[in-house]
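Throughout, residue positions are numbered sequentially from 1 according to the sequence presented. Atoms within each ligand, like the ligands themselves, are counted from 1 in listed order.
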Amino acid sequence: MASSLLTRQLAISLRLAAPGSRYVSKTATKSVSEFEYDAPSMKTAVPGPKSQELLRQLGEIQNVGAVHFFCNYEESRGNYLVDVDGNRMLDVYTQISSIPIGYNHPALMKVMTNPNNVVIFLNLAVLGIVKFEDFLVEMMVWIAPSGMRRVQTMACGSCSNENAFKTMFIWYRNKERGYANPSEQEVDTCMINQSPGCPDLSILSFMGAFHGRTLGCLATTHSKAIHKLDIPSFDWPIAPFPKLQYPLEEFVRENAQEEARCLEEVEDLIVKWRQKGKPVAGIVIEPIQAEGGDNHASPDFFSKLRNIARKHGCAFHVDEVQTGGGTTGKFWGHEHWGLDDPADVVSFSKKLLTGGYYHRDELKPDKPYRIFNTWMGDPSKNLFLSEVLNVIRRENLLEVVTRSGKALLQGLYTLQTQYPHILSRARGQGTFCAIDACNDATRDSIMIKARNKGLFMGSCGEKTIRFRPALVFKEYHVHQLLNILNDVLAEHK
Ligand code: PSZ
């Protein structure tokens, strides 16, 4: 039974990839608004009977507790995700925010079916040793964060952060030993996981943060216990992240005090950990804490934090895995801070399709093979990314996001005014928006009811609904979203 399921999944992906298929010839020259559907269309509750049967089959070989439904990617278009029961949903979760320009975008389909690109898909290269062409030049010129000229690609967000942390540690130790060669003792002790070769350095992170689930990253992730339970970790400092009160304009003084309190705590922790013999080599932070509940802080907070990092000689790592790629209306979330010198390291993944991190020249590892693994990314993802960047420019998608984001946030404000007993704390930047329900059960029930009406949303934190649409999410999609949400809330008992 399980094998029939796997065959079916494979069949779907093969049909998608077939060059010159019915789908490609029909749509390859159209823009996303021309080729996608008009509206959601529902045939069953979700998961429908076909999804339920597939879930049962898959359940025999995998834990399916987190699987919502099965997708029909062949029929999905733009902002609409179609499931195996033929339900077409407006998708504002987009595979946890990782579909940059909608499903089956014609421009990416062209890249996929261009015979000249076949070798890139066929020959997954060891990018640390042999290179394909320089898609990286594109990445450097247009999207490099301010002050950063160097980039390293990696396979996923956790892998990017993990290597960014290592880069910061290497930089910190080189500074400490005055860029001299390591001692014999350091070389010997590193082989048995002992100091000084494996020094007691730390990374400071924030309560509520999510930076990934690999062992190093997990020590800086503090969003949910389920991520961390039973896994050994590092004793690294954790600062409070500001808990802002909404609406912001009514709590200016309180919020400024709250941010000052958190910054004070950061400095205290840096000093304490130095005294403990575990100096802070780097500070890592998300421009908006995403998994932790869409928690925002002001540009002033980030600017002061950046200064604290500099003052204490810590690298400043901005994790843009979820905020990067245009979703906030600027390419990087940190651009909203308005700083010339915003960070030392900026990591990315999700909407950029490849993972990786940018860093300042000073953080360049001193020898080859210090930051290395088999693939170090995937050339086909770089190829897709360069086309995604073309589409973002050609279709002015940062402006689209800004316009749609304003309409979305405005709509959420209206809904929370209409339903104050259910909704509060509407917030967002670009289309990276969120709203809180009164409790987690209500949040979950709203999400299921909305899904059955054709709106697929995400959750985060304890009781938050989050919106992570693709960059091709237009104002009429916003209206569809708000209408469905309004219907659900009107029916809510
Ligand atoms: O449950 C999970 O593992 C999830 S749900 C959402 C994510 C992970 N996001 C990934 C993520 C992120 O949002 C930030 C800010 N930093 C790092 C990561 C890790 O990226 P991946 O999942 O690609 O390893």
Legend entry - Any side-chain heavy-atom pair of Phe210 and His227 under 4.5 Å: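 Counting from C-beta outward, Phe210 and His227 do come under 4.5 Å.
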Legend entry - Any residue meeting side-chain contact (heavy atoms from CB on, under 4.5 Å) with Leu215, in chain and number order, not counting sequence neighbours: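 Counting only residues at least two positions away or on another chain, Leu215 forms a side-chain contact (heavy atoms from CB on, under 4.5 Å) with Ile231.
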Legend entry - Set of residues satisfying side-chain contact (heavy atoms from CB on, under 4.5 Å) with respect to Gln245, sequence neighbours excluded: Phe251, Glu254, Asn255
Inset, instruction - Compile the protein residues with any heavy atom at a distance under 4.0 Å from an atom of ligand 1; present them by chain, then by number. - result: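 For ligand 1, the contacting residues are Ile96, Cys156, Gly157, Ser158, Asn161, Phe210, His211, Gly212, Arg213, Glu286, Glu291, Asp319, Val321, Gln322, Lys350.
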Legend entry - Neighbour count >12 (heavy atoms, 6.0 Å) for atom NZ, Lys224: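 Yes, NZ of Lys224 has more than 12 neighbouring heavy atoms, counting only those of other groups under 6.0 Å.
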Legend entry - Short side-chain donor-acceptor distance under 3.5 Å, Asn72 and Asp83: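 On atom types as modelled, these side chains do not qualify, holding no pair under 3.5 Å.
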Legend entry - ring pair (Phe, Tyr, Trp, His ring centres under 6.0 Å) involving Phe169 - partner list, sequence neighbours excluded: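 Counting only residues at least two positions away or on another chain, Phe169 forms a ring pair (Phe, Tyr, Trp, His ring centres under 6.0 Å) with Trp236.
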